[in-house]
**Q** 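Can you keep this structure in mind? I'll have questions shortly.
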Amino acid sequence: IEGITGSAITVGSDATYRYGLHWKDFAILGGASCCAYGLVFKKVINSRFDNVHVLLGATAAAIYINWAICNYYNFIISTNQAGIYPETPSAPFMGIYCAGDSGVATVYNANEFECIIEGCNDVGLYIYSSGINVNNDIRVIYEGNINHGVFVIFFLIYSDFTTFSQCRH
């Protein structure tokens, strides 16, 4: 991926829900500042993403997730995989950015994150949710992110809480 000012790959929209996707065993590659977002999911529900490598220098985030329920994410975002792919990965600004832009409550509930996130210029995994149910299972191995490995913000204090199991640095 090179020379894209917006999103390289977008799945879904603010108006339509996407159900039952299963993507497995592929990589998205790009150089420094190749796009704003490498992979964007909008309103994706009951889906599974296995062994997806996103190795690119996105100016905003390698992956942007807007509104997600009951999904399984197994992403690898890394700058340490030189030699495996034809292009040496550049560091994205953020690894995975979960926040809404649709003007309604941003919901991230009952998702499972099992990711490796390395070498981001800001935060590895960022989740902001203003929905009342924020119950996710987060297992992330992170290393070398400039600010935080995992950063979660709950807008409502009485919401169910995200569980962190096996977050390793």
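Predicted, not measured: the structure shown is a model, and the values here were computed from it. Both backbone and side-chain heavy atoms feed into the values below; hydrogens, waters and symmetry mates do not.
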**Q** So, for G38 and I28, which heavy atoms are closest and what is the spacing to 0.1 Å?
**A**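 In terms of heavy atoms, the two residues are closest at O-CD1, 4.5 Å.
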**Q** Parallel, tilted or perpendicular: which fits the ring planes of Y73 and F49, with parallel below 30° and perpendicular above 60°?
**A**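 Aromatic pair Y73/F49 classed parallel.
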**Q** Evaluate side chain to side chain contact (heavy atoms under 4.5 Å, CB included) for F93 paired with T59, printing each intermediate quantity in order.
**A** CA-CA 5 Å; F93 183 69; T59 58; 5.8 Å; no
**Q** For E118 and S78, which heavy atoms make the closest approach, and how far apart are they?
**A**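 Smallest interatomic distance, heavy atoms only, reads OE1-OG, 2.5 Å.
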**Q** Which pair of non-hydrogen atoms, one from G31 and one from S90, has the smallest distance, and what is that distance?
**A**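 Residues G31 and S90, closest heavy atoms: C-OG, 3.6 Å.
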**Q** Can you give me the closest heavy-atom contact between N71 and V44, atom names plus distance?
**A**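 Between these two residues, the closest heavy atoms are ND2-O, 2.8 Å.
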**Q** Once rounded to the nearest 0.5 Å, what's the spacing between atom CD1 of I96 and atom CD1 of I117?
**A**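 Atom-to-atom, I96:CD1 and I117:CD1 are 4.0 Å apart.
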**Q** If you round to the nearest 0.5 Å, how far is CG of L39 from CD1 of I77?
**A**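 Going from CD1 on I77 over to CG on L39, the span is 9.0 Å.
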**Q** Let me check something: do W23 and F113 share a hydrophobic cluster, defined by ILVMFWY side-chain heavy atoms less than 4.5 Å apart, either directly or through other members?
**A**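 In one cluster: yes.
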**Q** Hey, quick one: are I9 and L21 part of the same hydrophobic cluster, counting side-chain heavy atoms closer than 4.5 Å, chains of contacts allowed?
**A**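 Shared cluster, yes.
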**Q** Go through the side-chain N and O atoms of D50 and N74 and say whether any donor and acceptor fall under 3.5 Å apart.
**A**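 No, no side-chain donor-acceptor contact under 3.5 Å.
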**Q** Distance from S47 atom OG to I69 atom CD1, nearest 0.5 Å?
**A**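 So the OG of S47 and the CD1 of I69 are separated by 11.5 Å.
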**Q** When rounded to the nearest 0.5 angstrom, what is the spacing between NZ in K42 and CG in N66?
**A**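 Between K42 NZ and N66 CG, I get 6.0 Å after rounding to 0.5 Å.
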**Q** Is there a side-chain contact between F26 and V52 in this structure, where contact means two heavy atoms from C-beta onward sitting under 4.5 Å apart?
**A**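 Answer yes - side chains close enough.
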**Q** For G119 and A91, work out which heavy atoms get closest and say how close.
**A**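 Result for this residue pair: O-CB, 3.0 Å.
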**Q** Compare all side-chain heavy atoms of F41 with those of V11 and state whether any distance is below 4.5 angstrom.
**A**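 The answer is yes; the side chains approach within 4.5 Å.
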**Q** For the SG atom of C98 and the OH atom of Y126, what is their distance to the nearest 0.5 Å?
**A**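 The SG atom of C98 sits 10.0 Å away from the OH atom of Y126.
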**Q** What's the spacing between I116 CD1 and I141 CD1 if we round to 0.5 Å?
**A**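 I116 atom CD1 to I141 atom CD1 measures 5.0 Å (nearest 0.5 Å).
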**Q** Are V40 and Y128 connected into the same hydrophobic cluster when the rule is that any two of I, L, V, M, F, W, Y join if their side-chain heavy atoms are below 4.5 Å apart?
**A**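 Linked, Y128 and V40 end up in one cluster.
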**Q** Please name the pair of heavy atoms, one in C120 and one in M94, separated by the smallest distance, quoted to 0.1 Å.
**A**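 Distance-wise, the nearest heavy atoms are SG-C, 3.9 Å.
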**Q** Given side chains that start at C-beta, do those of N145 and V123 come closer than 4.5 Å, heavy atoms only?
**A**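 No, their side chains stay 4.5 Å or more apart.
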**Q** Mind running side chain to side chain contact (heavy atoms under 4.5 Å, CB included) on I45 and W67 for me, showing each step along the way?
**A** CA-CA 9 Å; I45 301 169; W67 212 93; 3.7 Å; yes
**Q** Checking L56 against C35 for the side chain to side chain contact (heavy atoms under 4.5 Å, CB included) test, could you report, in this order, the C-alpha distance in whole Å, the side-chain angles of both residues, the deciding distance, and whether it holds?
**A** CA-CA 8 Å; L56 44 72; C35 58; 4.3 Å; yes
